[in-house]
Number of protein chains: 2
Amino acid sequence: MGRVYVAGVGLTKIGEHWDKGLEQLMVEAALKALDDSGLSRVNSIYVGNMAGEFLQEQAHLGAMIAEDLGMVGTPAYRVEAANASGAAAIHAGAMEVASGKADAVLVVGGEKLSDGVIEEVSSALMMGERQEYEGFMGADFYSINALLYKLYMRRYGVKDDLIAVFSMLSHKHAKGVAHAQYPFEVSLERILSSPYISEPLRRLEVSGVGDGAAAIVLIGEELKPKIKTPKTELYISSATDFMTPFEREDPLRFQSLGVAVNRVLDEAGVDRGDVDLVEIHDATSIMAAISLESSGFAEPGESGRLAMRGEFDLGGRLPCNTFGGLKARGNPFGATGVYQVAELHLQLTGRAGKNQVDSPRVGVAQSLGGVGATAIVTVLKAI
Amino acid sequence: MGRVYVAGVGLTKIGEHWDKGLEQLMVEAALKALDDSGLSRVNSIYVGNMAGEFLQEQAHLGAMIAEDLGMVGTPAYRVEAANASGAAAIHAGAMEVASGKADAVLVVGGEKLSDGVIEEVSSALMMGERQEYEGFMGADFYSINALLYKLYMRRYGVKDDLIAVFSMLSHKHAKGVAHAQYPFEVSLERILSSPYISEPLRRLEVSGVGDGAAAIVLIGEELKPKIKTPKTELYISSATDFMTPFEREDPLRFQSLGVAVNRVLDEAGVDRGDVDLVEIHDATSIMAAISLESSGFAEPGESGRLAMRGEFDLGGRLPCNTFGGLKARGNPFGATGVYQVAELHLQLTGRAGKNQVDSPRVGVAQSLGGVGATAIVTVLKAI
């Protein structure tokens, strides 16, 4: 398998972009990433997008983006794995580089959620679960999360503050971040006094609805010495699990994530102790807690206490969601996995500005589709 | 780049499957393909599907199919490139095998169109074109095809019979085919007396609406000697073009297809003269004609005359759509590209029954997304 490197990243600010369409956001991110890499052409384009067919009635985003970028002719595809679509597009792009067929691949993740009213966005999100089972039962993404939340509190004897702390953490890191949707701090008290959206899950424990796009350029061994841009090495692996958490051996463990983390660390030849920072999929506070525990970065039931102690802060033992995570940087579904990897890349190349972690060598990004039915995990290494 | 082989295929009959859901069709095809390959496990699953989010409000088909197959844990993704989604899934799966990361990959293409009324299916198909441009203008997939049809007749001075002949050809080959949606012959007179759906394009020149799924198993060099199933070697390449034919240098030439065919023949080390049979994307009769000409298997404006002379018949110079093509075998959008490759595999391994072409060594499948905006071309070689 050939080696794969990240050679450029581009981000748009996440927000309600009433003046831009889905394509425009993706083009903006893609051009920034190409510019960052110094390349003007790639062999292939991979687009990560979850809900465009439902919200924009637009498929075929690969060919559209190729045309929009002035790269008519370039092979282009869309990859989808629900909320992990961006990471899935990175995976597919990385495979083409690793195979040697491509020497440079552009991966763009984008989502335009403000085109839909909130019920439509919630329906779009629900497409990541089983419509004919959970949907038919009236259970949506948030109610499934609420059930996990309750079970977690009961099993581990913790209160909601030890779960909600992850939303506070992400907001703390998003403060002043140019591309974040909510670049400000939110106190734990404020989070815990926000209304329930599905008891005991509160509104401020859930990532918001925003538009955004992120892009990365992947290159292979041959191009590596030829371009001077800062680079990182990329490893990516994934696994699936039962769609419905309540059919799993343990609903409070994302086994997909555990498997994928083990697999990718093994491929990258690093141990958990070597990991300097981690991006976790905090679509909800409870998913953040379960993610850290499922991947072995905290003991079961312990992650909240570690967060309270500051272990996941920028200066802590394992900085987590250093630009605000899904909660505060924002979560445009199909773009999120690409934002995560782009952010790791900025950290590992020392370009994270005021959010810079001290000389990190290894970063991990965890992207989840549905409530953990798909886990795609990326390791970036400084080189 | 590692070599990639097809080691098993599975097909469902295409039709209106009121008693089966999208997943069930895909599971049926997948189990048949696994059975044909003799494998019970694969490293990854790639799903090709175009319109599930729109018609079934269901994304995340990768993880769902993994679970349905009893392969919980296996990495799984969906790939989409409009009507070429099945071929796009094959491409992604092939890249993972070629990279050496996977030694066995399952590719399943599926689409359930009878869940929607005809207007919804037409809207779903339109998602392969630009909604904000062509859609906004009131031009749908069929009217764009009708415009090409008119232009073709005018430029080359041919009448509609030399275009409609491709629908007759596909029906001739579909006769008695177990998995075909319309396994019977239709005369040219009948086709040319059917009502217009967008003048001059007639109802019987357009592929129907059907449900179906097809699957193939791809393996790498390491597994090849270990399993005894009939195998073929696979090469795949693709290209894009402007979404709208009327922005292209020549609307009557699918440049994407020309580029992709040249590229994949080059990779496979074969000339056009070595090609023994071809599967073309006859979503409409006019697309069939343009496809054969764009890929260099006929001179511009000449393909209809060659078809009339029997050159594309089962016993002809270059047998085309040997199981009925999109028109008569059927066209469940995201499954179609997988049907094509599966059918080539049956031919090249001598298992095509009464449709068997005489000892073919090289087959080509052309899959198009939109009206040629994406072209993904596969070469299968007998081994």
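Not measured: the values here are computed from a predicted model.
Looking at B/Ser256, neither its backbone nor its side chain comes within 4.5 Å of chain A, counting heavy atoms on both sides. At a 4.5 Å heavy-atom cutoff, the contact between A/Glu23 and chain B is made by side-chain atoms alone. Looking at B/Gln56, the atoms closer than 4.5 Å to chain A (heavy atoms on both sides) all sit in the backbone: N, CA, C or O. With a 4.5 angstrom heavy-atom cutoff, B/Gln255 does not touch chain A via any of its atoms.
Heavy atoms from other residues, nucleotides or ligands lying under 6.0 Å from CD of B/Glu120 number more than 12. When the shell of 6.0 Å around CZ of A/Phe246 is examined, it contains more than 12 heavy atoms from other residues, nucleotides or ligands. Residue B/Glu221 qualifies as enclosed at atom CD: its count of foreign heavy atoms under 6.0 Å is above 12. Atom CD of B/Glu247 has more than 12 neighbouring heavy atoms from other residues, nucleotides or ligands inside a 6.0 Å radius. The number of heavy atoms from other shown groups lying within 6.0 Å of CD (A/Glu267) is above 12.
For residues 97-115 of chain A, a heavy-atom distance under 4.5 Å to chain B picks out A/Ala98, A/Ser99, A/Lys101, given by residue number. Inspection of non-hydrogen atoms places B/Met71, B/Val72, B/Gly73, B/Thr74, B/Pro75, B/Ala76, B/Tyr77, B/Arg78, B/Val79, B/Glu80, B/Ala81, B/Ala82 of residues 70-87 of chain B under 4.5 Å from chain A. Using non-hydrogen atoms only and a strict 4.5 Å limit, the part of residues 42-50 of chain A facing chain B consists of A/Tyr46, A/Met50.
A/Gln58 contributes atom CD, which lies 5.5 Å from atom CD of B/Gln131 (distance to the nearest 0.5 angstrom).
Shown here for A/Ala66 and B/Thr240, the closest heavy-atom pair between the two residues is CB-OG1, 3.9 Å.
Between B/His60 and A/Met243, some side-chain heavy-atom pair lies under the 4.5 Å cut-off.
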Tell me, with the steps shown, if A/Glu57 and B/Met126 meet side chain to side chain contact (heavy atoms under 4.5 Å, CB included).
CA-CA 8 Å; A/Glu57 292 191 22; B/Met126 190 56 205; over 6 Å; no
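Among pairs with a residue in residues 58-76 of chain A, those fulfilling salt bridge (Lys or Arg N to Asp or Glu O under 4.0 Å) read A/Glu67-B/Arg130, A/Asp68-B/Arg130, at least two apart in sequence or across chains.
Of all the listed residues (B/Gly135, B/Ala260, B/Ala63), the one sharing the greatest number of non-hydrogen pairs under 4.5 Å with chain A is B/Ala63.
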